[in-house]
Amino acid sequence: MDPTESVSAAGPRPVVTRFAPSPTGELHLGNARTALFNLLLARHTEGRFVLRIEDTDRERSREGHTTALMADLTWLGIEWDAGPNREDERGPYRQSERAGLYQGFFAVLEERQTVYPCYCTPLELDLSRRAQLAAGRPPRYAGTCSALTAAERAQRQAQGLGATWRFRVPRGERVEFVDFVHGPQSFLTDDIGDFVIRRADGSAAFFFSNAVDDACMGVTQALRGEDHLTNTPRQMLILAALGLPRPSYGHISLIVGADGAPLSKRHGAVSVREYRERGYLPGAVVNHLFRLGHSSPLHGMLTLDEMARGFDATHLGRAPSRFDEQQLHVWQKDTVHRLSTESARAWLAPVLPPGLDEQSASAFVTAVRPNLVLPEDARAWVRIVFGAPPPLEPSAEVVVRGAGAGYFAAAAAAARESADLPAIVGAIRAATGRKGAELYMPLRVALTGLSHGPELAPLLKAMPAGQACERLARFA
RNA sequence: GCUCCCUUCGUCUAGAGGCCUAGGACAUAGCCCUCUCAAGGCUGUAACACGGGUUCGAAUCCCGUAGGGAGCGCCA
């Protein structure tokens with residue numbers, strides 16, 4: 001089936017996708033990919049992409065995380081049509097501001113008696129779970145409070161026990177749906193315990209708020225992490241009980257580390273922020289994510305628009321994909337090579353010598369950029385170009401000695417006139433008759449201390465006035 | 001423990017029973033170009049997790065095994 005086509009009685013509906021993070025931490029690479037794919041899925045047609053902040057857990061949600069999350073998405077170039085800072089009639093887009101709406105739908109469920117109050121304490125529930133696990137059974141809610149009489153409820157309430165509200169899961173039924181990534185799915189309701197949809201403090205729990213919001217916001221495709229796959233029947237049950245439409249669901253596998261284990265701190269950086277701080281560019285990150293768990297006949301660096309055009313939800317992979325930093329490096333290198341001089345200068349600003357004028361900075365950036373992947377790679381070249389004359393590595397020593405004083409006398413004389421490579425090389429050639437590597441290598445080595453590095457001509461131009469001449473004269 | 005998901009070159013993947021001697025991209029190796037590195041060009045190495053079926057024919061369908069992952073929360 002084509003998931004980009006959602007058909008209702010009224011005909012094809014425009015696609016609405018969403019990214020619904022909870023602001024309990026930094027934007028994880030896996031979530032960033034989910035956001036990207038949802039954006040692309042919407043943009044592939046003329047659909048809408050919405051950002052919804054799932055901050056119903058007051059203890060763990062922090063406003064700072066929401067701000068950071070949006071900043072990271074924006075940095076990646078992921079822009080939403082509606083969200084916390086772009087409210088419209090379907091909002092508000094923070095769940096913490098939707099309590100009234102949840103209350104309304106909750107009242108419907110209460111009236112239809114598909115929910116009931118549960119007075120079990122966390123301790124009791126924990127004990128029950130352990131006991132079931134120990135007995136080799138699935139740790140499901142035992143149904144202790146499912147058949148309480150009005151009198152029993154009143155009694156518990158009188159004892160001052162707080163109540164959560166559980167959804168009464170029908171017995172002996174089958175919930176089926178077609179996951180647009182994994183294909184047909186079928187679950188037995190008997191495997192699902194009655195679950196909490198309203199916490200003791202009155203707030204809406206995930207299964208409930210998430211499902212209700214998808215319906216209310218007109219979401220047509222819910223593309224999310226595979227960790228939600230087995231939870232989907234619960235949400236379908238809620239939506240069905242409420243008579244609300246459900247989106248079609250698609251679940252993408254999680255991103256794992258190089259060792260195949262779930263991406264975690266021990267793999268190094270896992271958040272978008274960390275990559276940004278290390279100097280990775282958004283285009284590189286996004287191009288890498290685009291290929292993770294998704295295949296496209298398109299090759300090479302793509303813009304978000306090109307990705308959107310080429311995005312194909314039928315080509316979403318089912319297997320977990322590894323986040324391979326080596327592949328990210330390839331995209332990063334490519335991105336760096338394509339930067340305009342101004343952008344490259346800004347990108348390298350943190351490692352450039354303080355107070356360097358714009359023109360010198362541009363010359364430097366132009367010279368070294370082809371050899372960089374990350375800003376830190378430029379540090380060595382900053383030292384070589386702007387610092388004290390670099391010491392010669394042993395092999396370089398040999399090269400310099402082999403060239404002889406006459407070589408460097410000619411070189412220094414020419415360099416005194418200008419930092420123009422052809423002119424300097426021409427003078428040396430005339431004086432020594434050397435050519436090829438014999439001609440160039442002593443020059444490189446005397447100037448940089450190394451036998452490898454960026455092209456000499458731009459490097460020469462990047463050096464402060466008189467620097468080249470000085471370094472060459474050392475060996476004359 | 002139970003339920004569910006997953007397994008093709010190093011990596012991302014194409015693959016819907018014969019078009020597969022398994023294709024592509026990146027990585028990698030060699031060569032060319034070249035003052036070195038990078039870039040570019042050319043050529044190469046490299047995979048169907050395993051075992052059984054079904055079939056004239058299986059990467060593809062079925063069963064099992066192994067390995068990985070998720071869910072079963074007053075987290076989302």
Side-chain angles (χ1 to χ4, degrees), chain A residues 20-24 54-57 59-61 95 118 120-122 125-126 129 132-141 162-166 179 181-182 185-188 190-193 195-201 203 205-207 209-210 224-234 251 253-254 256 258-262 288 290-300 315 317-331 333-334 337 368-373 399 421 425 434-445 448 450-457:
Chain A
S22 68
T24 54
E54 307 222 323
D55 56 352
T56 58
D57 184 343
E59 285 187 13
R60 289 169 44 171
S61 300
Q95 290 190 326
C118 169
C120 297
T121 65
L125 293 171
D126 187 45
R129 255 191 301 276
Q132 293 181 75
L133 239 22
R137 292 204 312 275
R140 281 196 281 274
Y141 180 61
T164 62
W165 286 76
R166 287 181 185 273
D179 183 294
V181 176
H182 288 274
Q185 304 292 316
S186 170
F187 295 87
L188 263 11
D190 288 355
D191 290 329
I192 305 171
F195 54 93
V196 172
I197 64 162
R198 182 188 168 103
R199 305 189 186 100
D201 66 2
S203 62
F206 167 77
F207 293 125
S209 55
N210 181 272
R224 25 135 80 154
E226 203 178 80
D227 46 337
H228 292 297
L229 181 56
T230 49
N231 287 331
T232 303
R234 280 164 237 262
H251 294 89
S253 60
L254 275 9
V256 298
D259 56 357
H288 188 216
F290 179 65
R291 272 87 180 178
L292 250 36
H294 174 252
S295 66
S296 166
L298 271 28
H299 295 302
H315 276 74
R318 294 147 299 276
S321 26
R322 294 172 195 238
F323 189 87
D324 183 351
E325 274 205 24
Q326 189 187 30
Q327 298 294 325
L328 176 61
H329 268 243
V330 176
W331 293 114
K333 194 193 283 185
D334 205 19
H337 292 349
V368 301
R369 185 179 37 169
N371 290 61
L372 307 180
V373 175
V399 172
L421 183 69
V425 163
R434 285 175 169 238
K435 57 185 183 190
E438 294 235 294
L439 176 58
Y440 285 88
M441 199 43 84
L443 200 52
R444 167 177 294 284
V445 156
T448 69
L450 301 176
S451 54
H452 62 88
E455 287 191 37
L456 263 184

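Each chain gets a letter, A, B and so on, in the order its sequence line appears, and its residues count up from 1.
- Between A:R199 and B:A76 there is a side-chain polar atom (N or O) within less than 4.0 angstrom of OP1 or OP2.
- Residue A:S451 places none of its side-chain N or O atoms closer than 4.0 Å to OP1 or OP2 of B:C37.
- Between A:S296 and A:P122, it is A:S296 whose nearest contact on RNA chain B lies nearer the 5' terminus.
- Residue-level contact check: A:R444 touches the bases, meaning some heavy atom is under 4.0 Å from a base atom.
- Checking the phosphate oxygens (OP1, OP2) of B:A38, no side-chain nitrogen or oxygen of A:H337 falls inside 4.0 Å.
- One C1' atom belongs to B:A46, the other to B:G24, and the distance between them is 14 Å to the nearest Å.
- Residue A:L254 is classed as a sugar-phosphate contact, given heavy-atom separations below 4.0 Å to backbone atoms only.
- Of the candidate nucleotides B:G1, B:C6, B:U3, B:G1 has the atom nearest to the side chain of A:P138.
- The P atoms of B:A59 and B:A47 are separated by 15 Å, rounded to the nearest whole Å.
- Judged by a 6.0 Å distance limit and a 45° cone about the ring axis, A:R166 is not positioned over the six-membered ring of A:F195.
- Remark: the A:N371 side chain and the B:C37 base include a donor-acceptor N/O pair separated by less than 3.5 Å.
- Between the NE2 atom in A:H251 and the CZ atom in A:R224 there is a gap of 4.0 Å [rounded to 0.5 Å].
- Checking the phosphate oxygens (OP1, OP2) of B:C74, a side-chain nitrogen or oxygen of A:R166 falls inside 4.0 Å.
- For the OP1/OP2 pair of B:U11 and a distance below 4.0 Å, the side-chain nitrogens and oxygens of A:H288 include no atom meeting the criterion.
- A:F207 comes within contact range of at least one nucleobase, with a heavy-atom separation under 4.0 Å.
- You'll find a donor-acceptor pair under 3.5 Å spanning the side chain of A:N231 and the base of B:A76, going by distance alone.
- Spacing between B:C75 and B:C63 at atom P, rounded to whole Å, works out to 39 Å.
- One finds a side-chain N or O of A:Q185 lying less than 4.0 angstrom from the OP1 or OP2 phosphate oxygen of B:C5.
- Taking side-chain N and O atoms only, A:S295 has a distance below 4.0 Å to OP1 or OP2 of B:A14.
- For the C1' atoms, the distance from B:A22 to B:U45 is 16 Å, rounded to whole Å.
- Pairing for B:A14 is absent, with no Watson-Crick or G-U wobble pair whose two atom distances lie under 3.5 Å.
- Checked by distance alone, A:Q327 brings no side-chain donor or acceptor within 3.5 Å of a matching partner on the base of B:C12.
- Phosphate proximity of B:C72 to A:R137: absent, as no side-chain N or O sits under 4.0 Å from OP1 or OP2.
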